[in-house]
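A, B, ... follow the sequence lines: proteins, then strands. Residue 1 opens every chain.
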Amino acid sequence: MGRLCLPSVRFNKILIANRGEIAVRVICACKDLGIRTVAVYSEADRYSSHVRFADQAICIGPAKSARSYLDVASIISAAEITNVDAVHPGYGFLSENAGFAEVCETSGLKFIGPRPEVIRLMGIKERARAFMREMGVPVLPGSPGVLKSPEEALELAAEIGYPVILKASAGGGGRGMRIVNQPSELPSLLAQAQQEASAAFGSGDMYLEKFIGAPRHIEFQLLADEYGNVEILGERECSIQRRHQKLLEESPSPAVNDRQRAEISTALRKAIAASGYTNAGTVEFLMDETGKLYFIEVNARVQVEHPVSEFVTGIDIVKSQIRIAQGETLPEILPGPVTLRGHSIECRINAENPDTFVPSPGRITGFHLPGGIGVRVDTWAYTDCVIPPYYDSLVAKLVTYGSDRGEAIRRMQRALSMFIVEGIHTSIPMHQRIMADPDFQAGNFDTNFIKRFAK
Amino acid sequence: MGRLCLPSVRFNKILIANRGEIAVRVICACKDLGIRTVAVYSEADRYSSHVRFADQAICIGPAKSARSYLDVASIISAAEITNVDAVHPGYGFLSENAGFAEVCETSGLKFIGPRPEVIRLMGIKERARAFMREMGVPVLPGSPGVLKSPEEALELAAEIGYPVILKASAGGGGRGMRIVNQPSELPSLLAQAQQEASAAFGSGDMYLEKFIGAPRHIEFQLLADEYGNVEILGERECSIQRRHQKLLEESPSPAVNDRQRAEISTALRKAIAASGYTNAGTVEFLMDETGKLYFIEVNARVQVEHPVSEFVTGIDIVKSQIRIAQGETLPEILPGPVTLRGHSIECRINAENPDTFVPSPGRITGFHLPGGIGVRVDTWAYTDCVIPPYYDSLVAKLVTYGSDRGEAIRRMQRALSMFIVEGIHTSIPMHQRIMADPDFQAGNFDTNFIKRFAK
Amino acid sequence: MTVEEIRELINLAAETGIAELEVQRGDNRVRIRRAAFATQQEFVLAPQSYPAPMAAPSPAPVTPSASPSHEPPKEKPSDPTQVLVKSPIVGTFYEGPAPGAPPFVQVGSRVQPGQVLCIIESMKLMNEIESETAGIVEAKLVMNGQPVEYGEALFAVRTV
Amino acid sequence: MTVEEIRELINLAAETGIAELEVQRGDNRVRIRRAAFATQQEFVLAPQSYPAPMAAPSPAPVTPSASPSHEPPKEKPSDPTQVLVKSPIVGTFYEGPAPGAPPFVQVGSRVQPGQVLCIIESMKLMNEIESETAGIVEAKLVMNGQPVEYGEALFAVRTV
């Protein structure tokens with residue numbers, strides 16, 4: 001427990017520098033705290049729910065993200081003319097942009113997230129890995145820093161053993177990645193990946209790691225206040241992915257046992273406290289075929305899939321983010337010791353063809369949400385809304401809870417069967433196939449699941 | 001624990017002898033159990049959600065309830081032609097009709113509720129009161145049985161002390177009730193009440209009880225299996241009523257402490273087990289101004305407000321009803337010992353004018369459900385549906401959960417502000433006023449709250 | 001056969017919830033198959049004839065019955081010379097007095113008021129359904145042994 | 001059977017939402033199967049122009065702004081000689097170069113391309129907004145010191 005008697009501020013108004021369901025999610029948290037909200041929106045989102053449900057809304061630019069949701073000056077200006085105290089960045093867009101966090105700070109706005117220097121540290125992946133290794137968190141064998149030359153890469157790969165994977169330091173979303181199976185391929189794949197990374201992230205810095213063929217993707221949710229208190233809110237299983245895009249997440253993971261959860265949580269609590277990390281965050285791991293977990297990266301923001309952790313812990317993560325930013329301590333914020341109860345699953349309902357994954361923007365002509373026991377829906381959509389083609393295809397997050405995994409699955413099946421979206425394609429039929437899959441039901445899967453499944 | 005190894009049946013198909021949100025609720029439970037469903041509907045409900053979401057649907061009569069949802073022969077016929085194993089009666093309509101339960105039994109259909117003789121016992125209120133008194137459950141001082149004459153009533157009232165209340169043995173919903181403040185009024189009020197009860201329930205049998213001027217209405221939820229196991233799922237506070245119609249319920253009650261809850265639960269477990277009561281039920285109490293609880297009646301069915309108990313216990317009451325009827329034991333059904341966690345509130349969203357309470361049937365032209373953390377919606381309505389004038393005005397149940405009462409209230413305020421219903425009046429504005437009321441927020445209220453509040 | 005007559009037949013098909021209707025009058029023949037039955041379906045829901053947005057004739061990716069936004073059908077002006085005999089109860093339809101016995105009536109039969117048209121079995125009771133009018137049976141709309149709902153049309157009778 | 005009659009039959013099929021219609025009159029036979037049911041076709045975007053239910057002028061008891069179903073405003077036929085000068089950035093509108101200084105332009109002012117009309121302050125930077133056309137200021141649409149959104153109209157200028 002930290003310094004308990006530090007005076008905490010009380011935000012009167014928060015600007016939400018995002019759109020879609022996460023903007024609505026932050027509005028909900030603010031309403032629950034009695035804090036007023038300012039939505040910002042592009043011209044394409046004029047009729048979006050986050051505009052409707054915020055107390056104020058400011059148009060910040062045209063549809064193109066670069067000139068609206070990614071335009072720092074417009075967002076800061078909107079914050080200034082509306083006199084807000086703080087900015088919530090959501091996920092994506094500017095949420096892990098240290099520069100934006102810095103501008104907020106110099107503009108006298110509290111950025112609801114880690115401090116800029118911590119975002120920067122976590123963004124440079126080989127530095128984050130080095131830090132975690134020092135702190136005793138298991139890290140995938142890999143290059144100690146940025147690869148200096150193809151020769152160094154070949155040496156390291158020989159040491160670690162093939163296959164290895166090349167990754168962009170500044171990367172994410174699968175871009176700038178290459179799997180190398182033998183030394184002869186390495187130089188040309190490295191060059192390709194560097195080129196891709198330069199184009200995508202403005203930096204061609206690369207590192208390499210041991211490649212796990214059939215990993216599970218498991219991540220730990222953390223909350224850290226500004227006084228050194230850290231809590232781990234269990235883990236999430238995020239192995240159901242297509243091209244590194246998560247489709248379905250659950251908590252707890254069917255592959256993590258209590259002992260392993262406790263061990264990793266203890267190591268993370270220490271590491272996160274030492275790093276000066278504050279606010280919410282996620283520590284991502286890969287699990288190899290033997291069940292061992294290896295740190296891969298930190299996501300210094302709230303995740304799309306945070307509701308599954310909220311269901312099993314009973315903790316409101318977004319509300320906690322805001323209260324942490326107000327200077328409150330975790331002992332004040334959390335109702336008691338963190339315990340996990342039951343099981344929760346999230347299906348991302350995307351506007352896309354469930355077979356080809358081709359995006360399917362357009363007008364939703366019919367929209368009927370499922371409800372009832374154990375069902376939560378986070379969405380910005382409504383009957384007659386238009387899913388614009390400019391942004392991600394997430395229409396709604398359908399989240400279920402059960403006293404065990406079986407109950408959560410049954411309720412998800414029920415909710416999927418009662419979720420009606422007309423006028424556009426959605427991923428609902430794909431999720432129905434996943435729920436009916438015996439391997440999924442048994443908890444037997446890894447990140448290749450969707451590939452096997454699609455056949 | 002009872003006989004554990006008794007073979008339990010497995011229902012293949014259940015007929016739901018009800019309409020509206022409770023029919024959808026039962027469909028959800030059946031889907032969660034993998035049981036197929038048959039909806040029955042009147043001509044007025046042809047386009048209702050329960051018809052849409054059931055596996056099969058049978059029209060059983062015209063709009064008038066007496067010829068559809070109350071018509072035993074039509075419902076049993078529908079069950080026969082669809083080959084169902086069991087009938088779930090929901091609440092209202094035939095749910096507490098012992099005759100219907102009997103016909104189900106003789107037709108080889110499992111009635112999902114208590115046995116006919118137990119329904120009958122609980123339906124005769126003075127017998128239920130006598131039984132509970134014998135079992136050591138505190139009962140309001142009153143007549144030992146049906147009033148035989150005005151003279152007997154006068155004698156008893158003098159013993160108990162004025163004011164007293166006259167109630168119909170077979171009654172409910174406020175009909176056949178009269179408050180008597182002095183002996184001179186008694187004979188004429190008794191005659192009036194008898195006449196009203198005869199007209200409404202076919203029986204003019206009356207009893208009398210001590211009248212509590214400012215009571216709280218508190219009820220305990222129970223589950224009982226067919227082997228004598230009984231569990232009490234905490235209590236619900238239902239004091240926010242208008243003319244004995246509940247508007248808002250919560251669990252736990254702000255007025256019941258842990259010791260009192262434990263005492264009443266212990267007494268009820270014993271009484272219910274001795275009564276041969278099976279399935280779900282509710283035991284209603286009045287709390288007087290000193291905090292003492294008095295038994296008033298048993299509702300031998302699932303209640304409208306069951307979701308608040310589901311939220312705080314994590315137990316699916318409707319699924320439990322079905323599993324009990326299948327012959328499963330409570331230790332099999334319940335995930336562990338019953339514990340209460342957090343706080344839950346339900347607002348009944350009725351199609352009615354929020355000021356005058358005049359029903360407001362009609363077409364819903366715009367419908368946007370709230371969602372997000374801690375929010376559950378049970379509804380049969382959808383964009384463009386028509387609320388028929390023939391049945392009750394319940395459109396949706398909006399239920400919120402929080403780690404404490406304050407959080408549940410804030411989330412309810414948020415959800416009410418994001419619940420949009422156009423084309424008809426609803427009780428949403430009334431609930432918003434209740435949520436903002438300092439007395440409500442402090443937990444300071446009784447059944448007169450709405451009266452005081454309306455001024 | 002005029003378009004008006006055909007429209008009536010279509011309305012008839014929609015009202016009665018049948019999948020397909022075939023009518024031949026001398027050389028004239030009409031065959032109507034309803035949209036709901038273009039695909040395999042277990043139960044009849046919405047009449048397909050409503051102008052609701054969700055039912056707009058767009059080839060939406062979901063099945064036509066997937067919408068909860070059922071619109072009640074428009075009341076159509078009915079042919080006063082045609083009477084639909086509807087089931088007054090829920091039960092099982094039997095065309096004859098006993099298994100194997102000939103049906104009470106057939107298409108083309110001339111019927112009188114009070115004449116038994118069929119039996120609906122409900123709760124082990126055999127309920128005889130009588131014609132209320134004199135006329136000719138134009139269509140038998142339910143198969144022998146089939147369960148029927150309340151209000152389901154059993155026969156179309158042309159009054160004479 | 002004339003084309004007009006067939007057209008009527010097709011309209012009839014479309015109106016009533018049936019899948020297939022087959023009509024024979026003596027030697028004449030027409031069979032209509034509706035396109036929506038002809039193939040299991042992938043979806044086509046719904047037309048953008050249908051009257052949305054929430055936007056209908058219904059006597060809803062709630063406030064008009066309570067609906068999330070905002071329909072984009074109809075594009076009005078614009079007057080080609082009137083130009084709206086819109087804010088290219090989010091910020092605060094100032095009509096003059098300094099507090100107390102006279103405004104750059106007033107209603108009735110004649111302006112030239114490149115002439116400064118106002119200042120939008122954004123992140124402590126003063127951005128001068130220039131006229132792109134020659135004309136007369138017909139309206140000033142924002143008050144001095146008022147915050148403006150992206151795309152918000154500042155002045156109406158009549159081109160000359």
_Pick from S87(D), P147(D), G151(D) with the largest number of heavy-atom pairs that fall under 4.5 Å of chain A_ = P147(D)
_A quick test of your reading: do over 12 heavy atoms of other residues, nucleotides or ligands sit less than 6.0 Å from NZ of K86(D)?_
no
*Inspect the surroundings of CZ in R158(D) and state if more than 12 heavy atoms from other residues, nucleotides or ligands are less than 6.0 Å away.*
yes
_A57(A) portion near chain D, given a 4.5 angstrom heavy-atom threshold_ = backbone
*Is any side-chain N of the basic residue among K319(A) and D32(A) closer than 4.0 Å to the acidic one's carboxylate O?*
no
*When you check the gap from the basic side-chain N to the acidic O, do E102(A) and R120(A) get nearer than 4.0 Å?*
yes
_Side chain, backbone, both or neither of V103(A) within contact of chain D (heavy atoms, under 4.5 Å)_ = side chain
